[in-house]
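Residues take their numbers from the sequence shown, with the count starting at 1.
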Amino acid sequence: MFKRMGLPDEDVRRVSEIQAARLGELERLEARHAKVVSDASGEYVAIEAFPEERRLWLGAMEDDLRKQLGDDRATIITRMISSSDNDEDVGAYRREVHVKPPSAERSKFLIEEKSFNEQGQHIDSDYEEVADQSKSRWGHLLDFDTKN
(Lines give C-alpha, C1' and ligand atoms only; values in the text may rest on other atoms or scores of the structure.)
Protein backbone atom coordinates (compact mmCIF):
# COMPACT_ATOMS: atom_id res chain seq x y z
CA MET A 1 0.00 0.00 0.00
CA PHE A 2 2.83 2.41 0.84
CA LYS A 3 4.67 1.51 -2.37
CA ARG A 4 1.55 2.40 -4.39
CA MET A 5 1.67 5.84 -2.79
CA GLY A 6 5.04 6.35 -4.45
CA LEU A 7 7.13 6.11 -1.29
CA PRO A 8 10.78 5.17 -1.83
CA ASP A 9 11.95 1.88 -0.27
CA GLU A 10 13.56 3.59 2.75
CA ASP A 11 10.35 5.48 3.55
CA VAL A 12 8.30 2.28 3.13
CA ARG A 13 10.61 0.55 5.61
CA ARG A 14 10.42 3.40 8.15
CA VAL A 15 6.64 3.86 7.77
CA SER A 16 6.18 0.11 8.30
CA GLU A 17 8.32 0.31 11.45
CA ILE A 18 6.27 3.27 12.73
CA GLN A 19 3.06 1.40 11.95
CA ALA A 20 4.19 -1.70 13.87
CA ALA A 21 5.36 0.33 16.87
CA ARG A 22 2.21 2.45 17.04
CA LEU A 23 -0.14 -0.53 16.63
CA GLY A 24 1.76 -2.24 19.45
CA GLU A 25 1.21 0.86 21.55
CA LEU A 26 -2.51 0.74 20.74
CA GLU A 27 -2.67 -2.86 21.93
CA ARG A 28 -1.06 -1.82 25.21
CA LEU A 29 -3.60 1.01 25.59
CA GLU A 30 -6.44 -1.43 25.03
CA ALA A 31 -4.96 -3.87 27.52
CA ARG A 32 -4.77 -1.14 30.19
CA HIS A 33 -8.48 -0.47 29.72
CA ALA A 34 -9.53 -4.13 29.51
CA LYS A 35 -10.83 -6.42 32.20
CA VAL A 36 -12.44 -9.83 32.33
CA VAL A 37 -16.10 -9.64 33.30
CA SER A 38 -18.41 -12.45 34.41
CA ASP A 39 -22.12 -11.80 34.45
CA ALA A 40 -25.40 -13.38 33.36
CA SER A 41 -24.29 -13.30 29.71
CA GLY A 42 -21.10 -15.25 30.47
CA GLU A 43 -17.44 -14.34 30.68
CA TYR A 44 -15.96 -11.78 28.28
CA VAL A 45 -13.39 -9.01 27.98
CA ALA A 46 -14.75 -5.48 28.50
CA ILE A 47 -12.71 -2.55 27.20
CA GLU A 48 -13.61 0.89 28.49
CA ALA A 49 -13.46 3.80 26.05
CA PHE A 50 -10.28 5.88 26.05
CA PRO A 51 -10.97 8.69 23.55
CA GLU A 52 -8.39 11.16 24.87
CA GLU A 53 -5.59 8.60 24.89
CA ARG A 54 -6.68 7.56 21.37
CA ARG A 55 -6.48 11.18 20.20
CA LEU A 56 -2.97 11.50 21.64
CA TRP A 57 -1.96 8.17 20.07
CA LEU A 58 -3.17 9.31 16.63
CA GLY A 59 -1.38 12.66 16.99
CA ALA A 60 1.90 11.02 17.99
CA MET A 61 1.72 8.60 15.06
CA GLU A 62 1.04 11.43 12.63
CA ASP A 63 3.97 13.41 14.10
CA ASP A 64 6.28 10.41 13.62
CA LEU A 65 5.12 9.99 10.02
CA ARG A 66 5.40 13.71 9.29
CA LYS A 67 9.01 13.71 10.54
CA GLN A 68 9.76 10.85 8.15
CA LEU A 69 7.81 12.07 5.11
CA GLY A 70 7.77 15.83 5.59
CA ASP A 71 4.32 16.40 4.08
CA ASP A 72 0.58 15.69 4.28
CA ARG A 73 0.97 12.06 3.26
CA ALA A 74 1.48 11.57 7.01
CA THR A 75 -2.18 12.46 7.63
CA ILE A 76 -3.40 10.06 4.96
CA ILE A 77 -1.21 7.21 6.19
CA THR A 78 -2.25 7.82 9.80
CA ARG A 79 -5.88 7.50 8.72
CA MET A 80 -5.10 4.32 6.77
CA ILE A 81 -3.29 2.72 9.71
CA SER A 82 -5.92 3.71 12.26
CA SER A 83 -8.73 2.24 10.16
CA SER A 84 -7.06 -1.11 9.47
CA ASP A 85 -8.96 -4.14 10.78
CA ASN A 86 -12.20 -2.10 10.84
CA ASP A 87 -10.99 -0.30 13.96
CA GLU A 88 -11.11 3.34 12.96
CA ASP A 89 -12.99 4.07 16.19
CA VAL A 90 -10.94 1.92 18.55
CA GLY A 91 -10.91 3.55 21.96
CA ALA A 92 -13.81 5.87 21.14
CA TYR A 93 -16.47 3.46 22.42
CA ARG A 94 -16.77 0.82 25.11
CA ARG A 95 -16.39 -2.66 23.66
CA GLU A 96 -16.92 -6.23 24.71
CA VAL A 97 -15.14 -9.22 23.22
CA HIS A 98 -17.01 -12.52 23.52
CA VAL A 99 -15.42 -15.83 22.49
CA LYS A 100 -17.26 -19.05 21.67
CA PRO A 101 -15.05 -22.13 21.46
CA PRO A 102 -15.08 -24.53 18.53
CA SER A 103 -18.09 -26.82 18.45
CA ALA A 104 -19.50 -29.70 16.46
CA GLU A 105 -20.88 -27.18 13.95
CA ARG A 106 -17.83 -24.90 13.86
CA SER A 107 -14.16 -25.91 13.86
CA LYS A 108 -12.89 -22.44 14.80
CA PHE A 109 -13.34 -19.96 17.63
CA LEU A 110 -16.09 -17.39 17.01
CA ILE A 111 -15.24 -13.93 18.32
CA GLU A 112 -17.91 -11.27 18.62
CA GLU A 113 -16.82 -7.67 19.20
CA LYS A 114 -19.69 -5.55 20.53
CA SER A 115 -19.54 -1.74 20.52
CA PHE A 116 -21.63 0.45 22.82
CA ASN A 117 -22.44 4.16 22.68
CA GLU A 118 -22.05 6.62 25.56
CA GLN A 119 -25.49 5.64 26.89
CA GLY A 120 -24.49 1.98 27.06
CA GLN A 121 -26.63 0.93 24.09
CA HIS A 122 -25.32 -1.81 21.83
CA ILE A 123 -24.67 -0.14 18.48
CA ASP A 124 -22.65 -2.68 16.46
CA SER A 125 -21.24 -6.20 16.41
CA ASP A 126 -18.38 -7.52 14.31
CA TYR A 127 -17.57 -11.21 14.04
CA GLU A 128 -14.51 -13.22 13.14
CA GLU A 129 -13.70 -16.91 13.10
CA VAL A 130 -10.13 -17.86 13.95
CA ALA A 131 -8.20 -21.06 14.51
CA ASP A 132 -6.23 -19.61 17.44
CA GLN A 133 -5.74 -16.37 19.35
CA SER A 134 -2.58 -15.36 17.52
CA LYS A 135 -4.61 -14.98 14.33
CA SER A 136 -7.17 -12.70 15.95
CA ARG A 137 -7.18 -8.93 16.18
CA TRP A 138 -7.88 -9.60 19.87
CA GLY A 139 -5.06 -12.09 20.49
CA HIS A 140 -3.27 -9.64 22.79
CA LEU A 141 -6.25 -9.67 25.18
CA LEU A 142 -7.52 -13.24 24.96
CA ASP A 143 -6.16 -16.32 26.65
CA PHE A 144 -7.74 -19.51 25.45
CA ASP A 145 -6.53 -22.98 24.52
CA THR A 146 -6.50 -23.95 20.86
CA LYS A 147 -7.17 -27.25 19.21
CA ASN A 148 -4.36 -26.80 16.63
Side-chain angles (χ1 to χ4, degrees), residues 1-5 7 9 11-65 68-69 73-148:
M1 142 179 87
F2 303 137
K3 274 296 234 192
R4 288 192 311 257
M5 292 182 76
L7 297 180
D9 289 343
D11 283 345
V12 169
R13 186 186 66 73
R14 275 296 297 138
V15 167
S16 296
E17 289 171 355
I18 291 167
Q19 177 183 17
R22 289 297 175 178
L23 289 177
E25 183 180 318
L26 180 63
E27 287 182 353
R28 290 186 292 280
L29 278 171
E30 281 182 326
R32 283 203 313 263
H33 293 277
K35 65 181 177 182
V36 176
V37 174
S38 291
D39 62 19
S41 66
E43 191 170 273
Y44 56 91
V45 175
I47 307 162
E48 293 304 319
F50 50 96
E52 180 60 18
E53 287 171 282
R54 178 184 185 277
R55 186 187 67 73
L56 293 171
W57 171 78
L58 282 169
M61 180 167 42
E62 186 170 343
D63 288 347
D64 289 349
L65 291 166
Q68 178 64 35
L69 303 173
R73 291 177 297 176
T75 302
I76 295 165
I77 293 172
T78 297
R79 203 170 300 135
M80 291 165 60
I81 292 170
S82 68
S83 61
S84 63
D85 290 330
N86 193 31
D87 283 324
E88 62 275 3
D89 294 324
V90 69
Y93 300 101
R94 185 176 71 79
R95 294 176 177 207
E96 294 178 359
V97 181
H98 297 257
V99 178
K100 293 182 182 166
S103 64
E105 304 84 37
R106 187 181 59 253
S107 64
K108 297 180 179 179
F109 290 92
L110 177 66
I111 300 174
E112 178 184 11
E113 171 199 354
K114 295 180 176 183
S115 296
F116 298 84
N117 66 14
E118 293 84 3
Q119 293 76 36
Q121 298 165 320
H122 178 225
I123 56 174
D124 184 43
S125 281
D126 291 316
Y127 298 87
E128 69 175 324
E129 284 192 29
V130 295
D132 65 59
Q133 67 183 2
S134 66
K135 307 231 179 353
S136 170
R137 145 83 172 94
W138 301 104
H140 64 290
L141 295 177
L142 303 176
D143 182 19
F144 52 92
D145 294 326
T146 68
K147 305 298 181 201
N148 294 356

Between atom [atom1] of [X] and atom [atom2] of [Y], what is the distance when rounded to the nearest 0.5 Å?
{"X": "F109", "Y": "E129", "atom1": "CZ", "atom2": "CD", "answer": "11.5 Å"}
{"X": "R73", "Y": "T78", "atom1": "CZ", "atom2": "OG1", "answer": "12.5 Å"}
{"X": "H122", "Y": "R94", "atom1": "NE2", "atom2": "CZ", "answer": "9.5 Å"}
{"X": "T75", "Y": "L65", "atom1": "OG1", "atom2": "CG", "answer": "9.0 Å"}
{"X": "M1", "Y": "I77", "atom1": "CE", "atom2": "CD1", "answer": "7.5 Å"}
{"X": "I47", "Y": "S115", "atom1": "CD1", "atom2": "OG", "answer": "9.0 Å"}

Do V45 and W138 pass the side-chain contact (heavy atoms from CB on, under 4.5 Å) test, and can you show the C-alpha distance, the side-chain angles, and the key distance before you say yes or no? CA-CA 10 Å; V45 175; W138 301 104; over 6 Å; no
Any donor and acceptor pair, going by atom type alone, linking the side chain of R106 with main-chain N or O of P101 inside 3.5 Å?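 Checked: pair present.
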Looking at every non-hydrogen atom in both residues, tell me the closest pair between [X] and [Y] and how far apart they are.
{"X": "S107", "Y": "P102", "value": "O-CB, 3.6 Å"}
{"X": "I76", "Y": "M5", "value": "CG2-CE, 4.0 Å"}
{"X": "A92", "Y": "A49", "value": "O-CB, 3.8 Å"}
{"X": "L141", "Y": "A31", "value": "CD2-CA, 3.5 Å"}
{"X": "R79", "Y": "S83", "value": "O-OG, 2.9 Å"}
{"X": "A21", "Y": "R28", "value": "O-NH2, 4.1 Å"}

Heavy-atom side-chain contact between [X] and [Y] under 4.5 Å:
{"X": "E53", "Y": "H33", "value": "yes"}
{"X": "M61", "Y": "L26", "value": "no"}
{"X": "I81", "Y": "I18", "value": "no"}
{"X": "Q68", "Y": "E17", "value": "no"}
{"X": "W57", "Y": "L29", "value": "yes"}
{"X": "S41", "Y": "E96", "value": "no"}
{"X": "Y127", "Y": "E113", "value": "no"}
{"X": "K114", "Y": "Y44", "value": "no"}

Answer yes or no: is there an ion pair linking R95 with E30, defined by an N-O contact shorter than 4.0 Å?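 No.
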Take L69 and L7 through the test side-chain contact (heavy atoms from CB on, under 4.5 Å) and record every step on the way to the result. CA-CA 9 Å; L69 303 173; L7 297 180; 3.8 Å; yes
D9 vs F2, side-chain contact (heavy atoms from CB on, under 4.5 Å): CA-CA, chis, key distance, verdict: CA-CA 9 Å; D9 289 343; F2 303 137; over 6 Å; no
